[in-house]
Amino acid sequence: MAANNRSDHGSDENTRLYNPYQNYEVPINKSQYLYKLPTSPEFLFTEESLRQRRSWGENLTFYTGTAYLGGSVAGASVGVITGVKSFESGDTTKLKINRILNSSGQTGRTWGNRIGIIGLVYAGIESGVVAATDRDDVWTSVVAGLGTGAVCRAARGVRSAAVAGALGGLAAGAVVAGKQIVRRYVPI
């Protein structure tokens with residue numbers, strides 16, 4: 001692995017040179033310890049390199065965290081509006097700020113937790129569908145949205161679960177379609 005001659009260091013564009021002793025003041029020949037490391041991820045099996053998707057744990061963390069963050073921000077925004085509406089005529093500035101902070105904190109936490117759980121359920125169902133069918137396409141997201149809506153409203157009855165499932169499937173399909181449209185027509 002060590003490259004002993006300097007003429008072949010720049011021969012491959014998919015590698016980068018690495019010297020493990022570059023940050024240390026040691027009296028050694030530095031060109032002797034240059035290693036060619038790949039710039040792209042390495043895979044043990046070729047099947048792994050063909051699949052360009054997150055693992056189920058990364059999927060779970062991403063969807064739950066994104067949903068919690070989005071829900072918290074949206075809830076805090078609603079809480080600020082609610083806090084401003086609750087002002088009374090004799091309130092001091094300190095009391096007004098306290099009302100805004102309390103209201104936005106309470107509403108932000110509540111919305112974040114609720115929408116974070118929806119993201120958790122969605123990620124679990126999507127990872128389960130991908131593991132069962134070994135496909136990751138638009139229909140996987142639609143099925144995950146349908147299942148998430150049905151699971152989140154199952155306690156309110158079959159009719160409510162069916163309606164929420166249909167809305168969840170439509171929402172997931174719309175998000176995936178919007179992502180494809182943005183990817184195709186918006187130069188990023």
Side-chain angles (χ1 to χ4, degrees), residues 41 48 51-188:
E48 293 175 342
R51 295 183 181 159
Q52 298 295 325
R53 63 176 178 236
R54 297 184 198 103
S55 69
W56 70 271
E58 292 171 334
N59 202 14
L60 192 74
T61 304
F62 174 74
Y63 283 125
T64 305
T66 303
Y68 181 80
L69 180 65
S72 295
V73 169
S77 301
V78 169
V80 166
I81 294 169
T82 305
V84 169
K85 286 182 179 178
S86 68
F87 288 169
E88 294 177 4
S89 61
D91 288 347
T92 62
T93 305
K94 195 173 188 179
L95 189 57
K96 289 178 182 179
I97 292 172
N98 190 11
R99 285 183 195 265
I100 291 173
L101 290 175
N102 286 340
S103 180
S104 64
Q106 175 65 34
T107 311
R109 271 193 318 272
T110 303
W111 281 41
N113 288 335
R114 288 180 182 171
I115 297 175
I117 291 297
I118 291 171
L120 179 79
V121 172
Y122 178 84
I125 292 175
E126 185 183 46
S127 296
V129 170
V130 167
T133 62
D134 203 27
R135 291 185 318 161
D136 190 13
D137 56 0
V138 176
W139 297 109
T140 303
S141 298
V142 171
V143 168
L146 188 119
T148 301
V151 166
C152 289
R153 290 294 180 188
R156 294 189 180 189
V158 176
R159 183 177 179 181
S160 179
V163 170
L167 291 175
L170 287 172
V175 167
V176 171
K179 181 180 173 184
Q180 294 297 328
I181 290 170
V182 166
R183 186 178 289 168
R184 175 179 259 176
Y185 295 113
V186 176
I188 295 177

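Everything quoted here is computed from the prediction, not taken from an experiment.
Here the CG atom belonging to N102 is positioned 9.5 Å from the CG atom belonging to L95, to the nearest 0.5 angstrom. Atom OG of residue S72 and atom CG of residue N113 lie 7.0 Å apart, to the nearest 0.5 angstrom. To the nearest 0.5 Å, the span separating CD1 on I115 from OG1 on T66 amounts to 12.0 Å. Rounded to the nearest 0.5 Å, atoms OG1 (T148) and CD1 (I118) are 8.5 Å apart. Taken to the nearest 0.5 Å, the CD1 atom of I125 stands 12.0 Å off from the OG atom of S141.
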Only distances under 3.5 Å count here; give the side-chain donor-acceptor pairs of residues 168-182 to other protein atoms, sequence neighbours excluded, each with its distance to 0.1 Å.
none

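Identified under the ring-ring contact (aromatic ring centres under 6.0 Å, His included) test for residues 159-188, with sequence neighbours left out: none. Among pairs with a residue in residues 129-162, none fulfils ring-ring contact (aromatic ring centres under 6.0 Å, His included), at least two apart in sequence or across chains. Within the structure, the side chain to side chain donor-acceptor pair (under 3.5 Å) test picks out the following pairs touching residues 75-92 (sequence neighbours left out): D91-R99. The salt bridge (Lys or Arg N to Asp or Glu O under 4.0 Å) contacts involving residues 136-161 comprise R135-D137, where partners must be two or more places apart or lie in separate chains. Counting only residues at least two apart or in different chains, ring-ring contact (aromatic ring centres under 6.0 Å, His included) contacts with residues 90-138 comprise Y63-Y122.
Taking both residues in full, the closest heavy atoms of G149 and A164 are given as O-CB, 3.2 Å, listed atom of the first, atom of the second, then distance. The two residues S104 and A76 have their closest heavy-atom pair at CB-O, 3.5 Å. The two residues N59 and S127 come nearest to each other via the heavy atoms ND2-OG, 3.1 Å. Of all heavy-atom pairs spanning S103 and G83, the tightest one is OG-N, 3.5 Å. The two atoms that bring A67 and G116 nearest to each other are CB-CA, 3.9 Å, heavy atoms only.
Annotation: salt bridge (Lys or Arg N to Asp or Glu O under 4.0 Å) contacts of R184 (sequence neighbours excluded): none. By the side-chain contact (heavy atoms from CB on, under 4.5 Å) test, I97 is found to be paired with T93, L101, residues two or more places apart in sequence or in another chain being considered. Remark: Y68 pairs with no residue by the ring pair (Phe, Tyr, Trp, His ring centres under 6.0 Å) rule, at least two apart or across chains. Looking at residues two or more places apart in sequence or on another chain, you find no side-chain contact (heavy atoms from CB on, under 4.5 Å) involving L146. Shown here are the side-chain contact (heavy atoms from CB on, under 4.5 Å) partners of V163, two or more places apart in sequence or in another chain: L167. For Q106, the side-chain contact (heavy atoms from CB on, under 4.5 Å) partners two or more places apart in sequence, or in a different chain, are R109, T110.
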